[in-house]
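Right, one structure below, let's go through it.
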2 protein chains.
Amino acid sequence: MQVAVLVVILTVSEEELRVLLIHRSGEPYLGWWALPGGGLLPAETLAAASARKLVEETGVSDVYLEQLFTFDGLDAEPGSVAVAYFALVDARRVRLRAEAAWEPAWFAVAALPELAFDNARVIDYAITRLRNKLVYTNVAYSLLPQAFPLSDLQAVYESIFGRAFDKRNFRRRMLSQGIIRPTGRTAARGAHRPAELYEFSSRQPMVL
Amino acid sequence: MQVAVLVVILTVSEEELRVLLIHRSGEPYLGWWALPGGGLLPAETLAAASARKLVEETGVSDVYLEQLFTFDGLDAEPGSVAVAYFALVDARRVRLRAEAAWEPAWFAVAALPELAFDNARVIDYAITRLRNKLVYTNVAYSLLPQAFPLSDLQAVYESIFGRAFDKRNFRRRMLSQGIIRPTGRTAARGAHRPAELYEFSSRQPMVL
DNA sequence: CCAAAAGTGTTCGGCTTACACCCATGT
DNA sequence: ACATGGGTGTAAGCCGAACACTTTTGG
């Protein structure tokens with residue numbers, strides 16, 4: 001198998017940027033934590049293979065998925081390359097198949113276990129790309145449900161960048177860039193003033 | 001041969017952004033203009049293969065070379081992928097091997113011939129990437145000689161973006177971003193005031 | 001009435017843009 | 001002396017960053 005795909009599936013939950021890892025079922029690195037991936041089916045495109053892997057692991061399909069980089073020498077087998085993709089999913093929509101032999105699990109990227117190959121480098125690469133894209137695109141739509149309070153969106157950004165933003169500036173930026181718009185609805189979530197709900201102006205990837 | 005590299009070699013000469021094309025020597029598209037590329041040698045990395053192709057075509061090796069994107073379905077042969085790279089070279093340092101069977105030649109990207117596969121898409125992709133990188137990196141160093149008048153640098157930027165920039169603002173930006181610095185030398189080039197010569201502060205790729 | 005998160009405007013500094021004239025040289 | 005490209009400063013608008021108080025609700 002000369003060409004394989006590798007999928008960095010990212011989400012934000014409990015205020016942490018997390019990546020989906022599985023246990024490897026083959027040599028080398030049998031039983032180690034690793035990124036999901038694998039070979040292509042006959043006549044399958046790279047994009048289709050990465051989307052298939054994503055569905056296999058998470059059950060979701062209509063999310064942001066982008067080619068990241070092509071690595072070689074990952075498994076010390078000359079001539080083989082891994083085309084890495086990264087996906088952004090809303091953890092609430094994902095049902096990990098707990099019964100699967102490879103025991104998929106979410107790990108905070110700030111506290112990764114030891115990984116097979118140099119998958120850690122691939123994940124770093126994905127995080128850097130994601131941080132850049134958040135600045136000039138609307139890809140965050142893929143991390144949130146259809147409607148959400150603004151504070152949830154801000155928490156997503158803060159978790160990914162690892163720092164706090166000013167509430168007023170953040171709101172102004174999201175609205176003036178046209179990333180989101182108010183729905184008119186509100187939702188209460190505790191002993192305090194209910195929040196207005198927002199939605200993304202577009203749920204297709206857009207450069208701002 | 002499942003994995004191949006493809007190299008988009010770009011330069012600016014005579015106020016035009018140009019790409020190096022060769023004649024294909026094999027089927028399909030025998031004899032058509034196409035991007036240089038080919039398979040990997042045993043145990044060769046992708047980066048090494050693209051650098052080798054670059055040397056074969058241009059004789060230069062110490063230039064900016066970056067992985068661009070991995071395409072599949074380019075040649076309708078399922079399971080094969082082409083990992084595209086792009087390189088930035090100073091045309092004055094290049095000696096095309098005119099005797100070679102594939103007759104390499106520079107084409108203005110604004111006036112490309114019909115190309116094999118969808119190499120035109122690969123070139124578009126490279127141009128877009130280059131325009132973006134020029135904004136926040138110093139990669140232009142790879143398109144110019146060691147020392148140069150500021151107007152040459154500006155002409156390079158203008159050719160790539162396809163529009164004119166204000167002289168004063170351009171100078172201020174290049175200097176305040178620390179991309180270039182004066183050498184103290186000057187050079188005359190015609191019936192007018194000689195220009196000060198500048199050099200890049202660093203000839204390694206740097207994010208500003 | 002208290003705790004908790006939601007919502008709201010203004011000021012300042014820096015960066016980008018637009019814009020016009022004098023300088024040094026070769027012929 | 002004139003033609004040619006080289007070199008220079010300033011003002012206006014826009015954008016991002018910093019910053020504190022009031023509102024609404026549940027308990």
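Protein chains get the first letters and strands the later ones, always in sequence-line order, with residue 1 at the start of each.
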Just one of B:F86, B:Y125, B:Y85 clears the ring pair (Phe, Tyr, Trp, His ring centres under 6.0 Å) bar with B:F69, so which one? B:Y125
Send over the distance from [X] [atom1] to [N] [atom2], rounded to a whole Å.
{"X": "A:L197", "N": "C:dA6", "atom1": "CG", "atom2": "P", "result": "11 Å"}
{"X": "A:F161", "N": "D:dA17", "atom1": "CZ", "atom2": "P", "result": "11 Å"}
{"X": "B:F170", "N": "C:dT16", "atom1": "CZ", "atom2": "P", "result": "13 Å"}
{"X": "B:L150", "N": "D:dT8", "atom1": "CG", "atom2": "P", "result": "10 Å"}
{"X": "B:R172", "N": "D:dA11", "atom1": "CZ", "atom2": "P", "result": "13 Å"}
{"X": "A:Y157", "N": "D:dA17", "atom1": "OH", "atom2": "P", "result": "14 Å"}
{"X": "B:Q177", "N": "C:dG14", "atom1": "CD", "atom2": "P", "result": "17 Å"}
{"X": "A:K167", "N": "D:dT22", "atom1": "NZ", "atom2": "C1'", "result": "11 Å"}

Would you mind telling me which residue lines up with the more 5' stretch of DNA chain C, A:H192 or A:D166, judged by nearest nucleotide? A:H192
[X] side chain N/O closer than 4.0 Å to the phosphate oxygens (OP1, OP2) of [N]?
{"X": "A:S151", "N": "C:dA5", "answer": "no"}
{"X": "A:R173", "N": "D:dG16", "answer": "no"}
{"X": "B:R171", "N": "D:dT8", "answer": "yes"}

Of the nucleotides D:dT24, C:dC19, D:dA18, which has the atom closest to the A:N169 side chain? D:dA18
Given C:dA24, C:dG26, C:dT8, identify the nucleotide with an atom nearest to the side chain of B:P194. C:dA24
How would you label the contact of A:A195 with the nucleic acid (heavy atoms, under 4.0 Å): base, sugar-phosphate, or nothing? sugar-phosphate
Do [Y] and [X] have ring centroids that are under 6.0 Å from one another?
{"X": "B:W33", "Y": "B:F107", "value": "yes"}
{"X": "A:F148", "Y": "A:F200", "value": "yes"}
{"X": "A:F117", "Y": "A:Y29", "value": "yes"}

Would you say the side chain of A:R189 and the base of C:dA6 hold a donor-acceptor pair, judged only by whether the two atoms sit under 3.5 Å apart? no
Decide yes or no, distance alone: a donor-acceptor N/O pair under 3.5 angstrom between the base of C:dA20 and the side-chain of B:R168. yes
Which label fits B:Y157 and B:F165: parallel for a plane angle under 30°, tilted from 30 to 60°, or perpendicular past 60°? perpendicular
